[in-house]
There are 2 protein chains.
Amino acid sequence: MEPQPHILVVDDDREIRDLLSRFLERQGMRVSAARDAKEARRLWPLGRYHLVVLDLMLPGESGLDFARWLRAQDDVPIVMLTAMSEETDRIVGLELGADDYLAKPFNPRELLARIRAVLRRAGGEGGGPKEPPARAIRFAGWTLEPARRRLLNPEGVEVPLTGGEYELLQVLVERPNRVLTRDMLMDLLHNRQAGPFDRAIDVAVSRLRRKLEDDGRNPTLIKTVRGGGYVLAATVERA
Amino acid sequence: MEPQPHILVVDDDREIRDLLSRFLERQGMRVSAARDAKEARRLWPLGRYHLVVLDLMLPGESGLDFARWLRAQDDVPIVMLTAMSEETDRIVGLELGADDYLAKPFNPRELLARIRAVLRRAGGEGGGPKEPPARAIRFAGWTLEPARRRLLNPEGVEVPLTGGEYELLQVLVERPNRVLTRDMLMDLLHNRQAGPFDRAIDVAVSRLRRKLEDDGRNPTLIKTVRGGGYVLAATVERA
DNA sequence: TGTGAATTGTAACGAAATGCAACAAGGCGC
DNA sequence: GCGCCTTGTTGCATTTCGTTACAATTCACA
């Protein structure tokens, strides 16, 4: 296991700084806090931070500007906090390179979960065994190359996949012979819940099937489980 | 065959603990319950649990942390219960190694189904080696391939089965020469009870028989036990 | 053995779930 | 701003499966 993750919290609200410091430290992390971008800039070279929790609404220089500066320094993961729950803000933040986003007021526990998720994704935290194995994955003649994020057909020719199609296939391939409900797929792919009449997953599967040359009327690879979801019906092996 | 699975339920809601205890015990499982992580930790060494049902939202130490601890102890399967809003937690949970999850409020029957699925996937309990690779199953010349979710006739040609037909056949093949009542089949296939005039199973068997070229008037493979149910009359061997 | 009640087999029907083409909204590069 | 690409939505065709109806079979019992 990695030593302690070291977190930098940047927020002008003293109460939040203290709360987060206590809470995250109790969870086994080291925490430093800054009240604004200026102070954060001063702290930055003094420690090796694994992740920055950044309030967007800061006095003086905005959190977005500071995030931009951070990005220029290093690719440290950033989790943004903001009072505005507008989707656009989220987009702006994510485009800027934030790794996740949380609207205020937030549940510390949820922030913790996201911090951990981001750290794990960043490959920090002990290089857990859950890291994306960059090895090629073979199933039913096909090859999925996570390293290159591409799919090769049995003849070894690349079949172009869109981002969404790749993600879906990856999720399926990681759980072969297991029925994945639409809910789960929605969760794993988009972090959101499926509405009652949501057909997005069906359509995504349909599109993926076509690229895999799998006939939806009589599928071989991605089987439908009526009332259940979908299963990858194949044995997968990691090269 | 299998000893009683022993389940540990960790949830702070007394009503849920009681409900699950009663329900799962009625399904032939042994159940222990804990109200929080602390109590669960105390119970852990006292029993050999085959599976843990874990609420993510616990007072004191979070379910996520407890799951992490559990993982460090043992690779016991975990099924998580989550509130709808904890989307991130669900993701983190799965990444952490939970084997499945269910959003609250949940249907006990559905939980039961998932528990069974996870136990089955965990490959016979008792801490045997992991996941016996789903081998092909042969009976009376026919071959059922769980890995590909398909059926081959004695000539080796695939006979397309619908999802329901496949499930039914799988259930039968896993219990050869054993009479399965309609109730049992209904339970195993749909997690629900058969109504008094429920003919769904009969019709399903009829449809499956046709694909297996088994004459309903004089069946060879799937025999009818009047007043009882159905039996797969064949010796099965796993390749 | 004959008779009626139960039970089972299965064709037919229809509600619900799924496949997917067509459309639309938004992102991205120019 | 203007297309191209990606992806969600909608509508409709198709498939699946439960229900119903009725015929065939079995059983109890005279």
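Here is how names work: the chains are called A, B, and so on, in the same order as the sequence lines, proteins then strands, and each is numbered from 1.
- D:dG11 atom P lies 12 Å from atom CZ of A:Phe197, rounded to whole Å.
- Applying a 4.0 Å cut-off to non-hydrogen atoms, the residues of residues 216-226 of chain A that approach DNA chain D are A:Arg217, A:Arg226, listed by residue number.
- Residue A:Tyr230 is in sugar-phosphate contact alone, with no base atom involved, counting any heavy-atom pair closer than 4.0 Å across all strands shown.
- Taking 4.0 angstrom as the limit, A:Thr162 places none of its side-chain polar atoms (N or O) nearer than this to OP1 or OP2 of D:dT6.
- Axis angle, first five pairs versus last five pairs of the helix from C:dT1-D:dA30 to C:dC30-D:dG1: 30°, rounded to 10°.
- Listed pair A:Ser206 / C:dG19 fails the phosphate criterion, with no side-chain N or O lying under 4.0 Å from OP1 or OP2.
- In the set D:dG8, C:dG19, C:dT8, C:dG19 carries the atom at the smallest distance from any side-chain atom of A:Arg209.
- Put simply, B:His190 has a side-chain N or O that comes within less than 4.0 Å of OP1 or OP2 on D:dG18.
- Going from atom CG of A:Asp183 over to atom C1' of C:dA17 covers 15 Å, rounded to whole Å.
- Ring geometry, A:Trp44 versus A:Tyr49: the interplanar angle falls under 30°, so the pair is classed parallel (tilted spans 30 to 60°).
- Applying the 3.5 Å distance criterion, the base of C:dG9 shares a donor-acceptor pair with the side chain of B:Arg199.
- For the pair B:Ile201 CD1 and D:dT19 P, the computed distance is 10 Å after rounding to whole Å.
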Should B:Arg210 and B:Asp215 be marked as a salt bridge (charged side-chain N to carboxylate O under 4.0 Å, His left out) after you check the CA-CA gap, both sets of side-chain angles, and the distance that decides it? CA-CA 7 Å; B:Arg210 183 183 306 174; B:Asp215 178 15; over 6 Å; no
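- When side chains are defined from C-beta on, A:Trp142 counts as touching A:Asn153, because their heavy atoms get closer than 4.5 Å.
- Between B:Thr224 and B:Arg209, the shortest heavy-atom contact is OG1-NH2, 2.7 Å.
- Atom CG in B:Asp215 sits about 11 Å away from atom P in C:dA11, given to the nearest Å.
- Of the inter-residue distances, the one linking B:Ile201 atom CD1 with B:Leu168 atom CG reads 6.5 Å to the nearest 0.5 angstrom.
- Base engagement by A:Arg207 is indicated by at least one non-hydrogen atom pair under 4.0 Å involving a base atom.
- The shortest heavy-atom contact between A:Ala234 and A:Asn177 is O-ND2, 3.6 Å.
- Within the 4.5 Å cutoff, the side chain of B:Leu185 has no heavy atoms near those of the B:Asp187 side chain.
- The interatomic distance linking B:Asp202 (CG) with D:dT25 (C1') rounds to 14 Å, in whole Å.
- Which of D:dG18, D:dT9, C:dT10 sits closest to the side chain of B:Arg210 comes down to C:dT10.
- Using a 4.5 Å heavy-atom cutoff, the side chains of A:Lys211 and A:Leu161 are in contact.
- One can place CG of B:Leu168 at 12 Å from C1' of D:dC17, the figure rounded to the nearest angstrom.
- Partners of A:Tyr230 according to the ring-ring contact (aromatic ring centres under 6.0 Å, His included) rule, which considers only residues two or more places apart in sequence or in another chain, do not exist here.
- Distance B:Asn191 CG to D:dG18 C1': 16 Å, rounded to the nearest Å.
- We find that CD of B:Glu167 is positioned 13 Å from C1' of D:dT16, with the value rounded to whole Å.
- The heavy-atom pair separating B:Val179 from B:Gly228 by the smallest distance is CG1-C, 4.3 Å.
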